[in-house]
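Input: a single structure, listed below in structure tokens.
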Amino acid sequence: MQPTADFIAGLPKAELHLHIEGSLEPEQMFEFARRNRIDLPFKSVEEVRAAYAFSNLQDFLDIYYQGAGVLQTEEDFRDLALAYFRRVAADGAVHAEIFFDPQTHTDRGLPFAVAAEGLLAGMAQARKELGVTSKLILSYLRHLSEEAAFETLKQAEPYLDRIVGVGLDSSELGHPPSKFARVFKASRERGLKLSAHAGEEGPPAYVWEALDGLAVDRIDHGNRSLEDRALVKRLVADGMTLTVCPLSNLKLCVVDDLRNHPLKRMLDLGLRATINSDDPAYFGGYLAQNWMETTQALGLTRDELATLARNSFTGSFLAPDEIAARVAEVDAYVARS
Ligand code: ADE
Ligand code: ZN
């Protein structure tokens, strides 16, 4: 029997791959534009949604960076975060690790503190009002220089006790992880966890570089790892978590059909895959929608869903005792449901 939507909603789970700027719904885009007196190139929410037809990652990034321009104040960032946490709490998530792209905001003149303070305020409120815990990850934009990433790390200095790690996102092809080896080393020396988008559009060689050149704790996406048998073996041996994003992969044409998505194959190979939403306002669904559509398309079993839920905690940046407690909650839920 196929697991039901109720089973999925009740399953304790974490989201590990979410760009907060990618949770900006068209309605919010208009609301923030109105309160900040910004002109949008769209007349209606429908027109915005109609523009969300992408053939590849860059198509999406162009519109995503443009959308982020409506975020101007700490309050905007706090409201954005809180709206996301409300949705993900309704999806049964108890923990979320969210990326933000500081350079998208500092490059248009906002101080680093605006996004950081706003998001941290939203995270604190979500914990209090919804009981959802969270961690903040700053992501370097890989289409910019390593020098620019160093500047961002410097600006983040006053917040490093409240930022759990760094990531690497934006246009993957032509910007291999090795370009950022020094800034990742410096980030590690400051006690930060490390993750990098790799193998979304880029080749398996980029995943190798993220492992050997950056020494990451987590790989974001990682789909194309399956093209390289030795790489799969290495990822399994390392117990490396892959933060996979099925609806994102469909929308950005990384897969042609959800029924051909590699998630089940990843699990069969012993890879620690997880399900995440990436940029849910742009890709057609939040966390539970990703779980549900993937379950239906691939015929995932209850056991596989339980494994995915456990992976979402073992791959998190929570402390070991917190991870153990969350995994026990998954086991208890599965035993009684
Ligand atoms: N920034 C936001 N979403 C992204 C994705 N899926 N890949 C690379 N950069 C991103
Ligand atoms: Zn991403």
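Side chains included, hydrogens not; waters and symmetry mates left out as well; all remaining heavy atoms used. Counting starts at 1 for both ligands and their atoms, in listed order.
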To 10°, measure the NE2(His17)-the Zn ion (ligand 2)-NE2(His19) angle for me. 110°
Min heavy-atom dist His221 to ligand 1 below 4.0 Å: yes
My understanding is that only one of Arg218, His197, Glu97 makes a side-chain hydrogen bond (donor to acceptor under 3.5 Å, both in side chains) with His17; could you say which? His197
Considering all heavy atoms of both residues, which atom of Asp228 and which atom of Pro204 are nearest to each other, and what is their separation? CB-CB, 3.8 Å
Nearest protein heavy-atom contact for atom 6 (N) of ligand 1: which residue, which atom, what distance? Asp278 OD2, 2.6 Å
Tell me which protein heavy atom sits closest to atom 9 (N) of ligand 1, plus the residue, atom name and distance to 0.1 Å. Ser170 N, 2.8 Å
Using the rule that Ile, Leu, Val, Met, Phe, Trp and Tyr join whenever any side-chain heavy atoms are under 4.5 Å apart, tell me whether Leu263 and Trp291 fall into a single cluster. yes
Tell me whether the guanidinium CZ or amine NZ of Arg224 lies under 6.0 angstrom from the six-membered ring centre of Tyr206 and within 45° of its axis. no
Find all atoms of ligand 1 within a distance of less than 4.0 Å from any non-hydrogen atom belonging to Phe60, and give their numbers and elements. 2 (C), 3 (N)
Metal-centred angle, the Zn ion (ligand 2) as apex - NE2 of His197, OD1 of Asp278, 10° resolution: 170°
Specify the protein heavy atom at minimum distance from atom 7 (N) of ligand 1: its residue, its atom name, and the distance to 0.1 Å. Glu200 OE1, 2.8 Å
Atoms of ligand 1 under 4.0 Å from any heavy atom of His197, numbered from 1 in the order shown, are 5 (C), 7 (N), 8 (C)
Any heavy atom of Asp101 under 4.0 Å from ligand 1? The part involved is neither
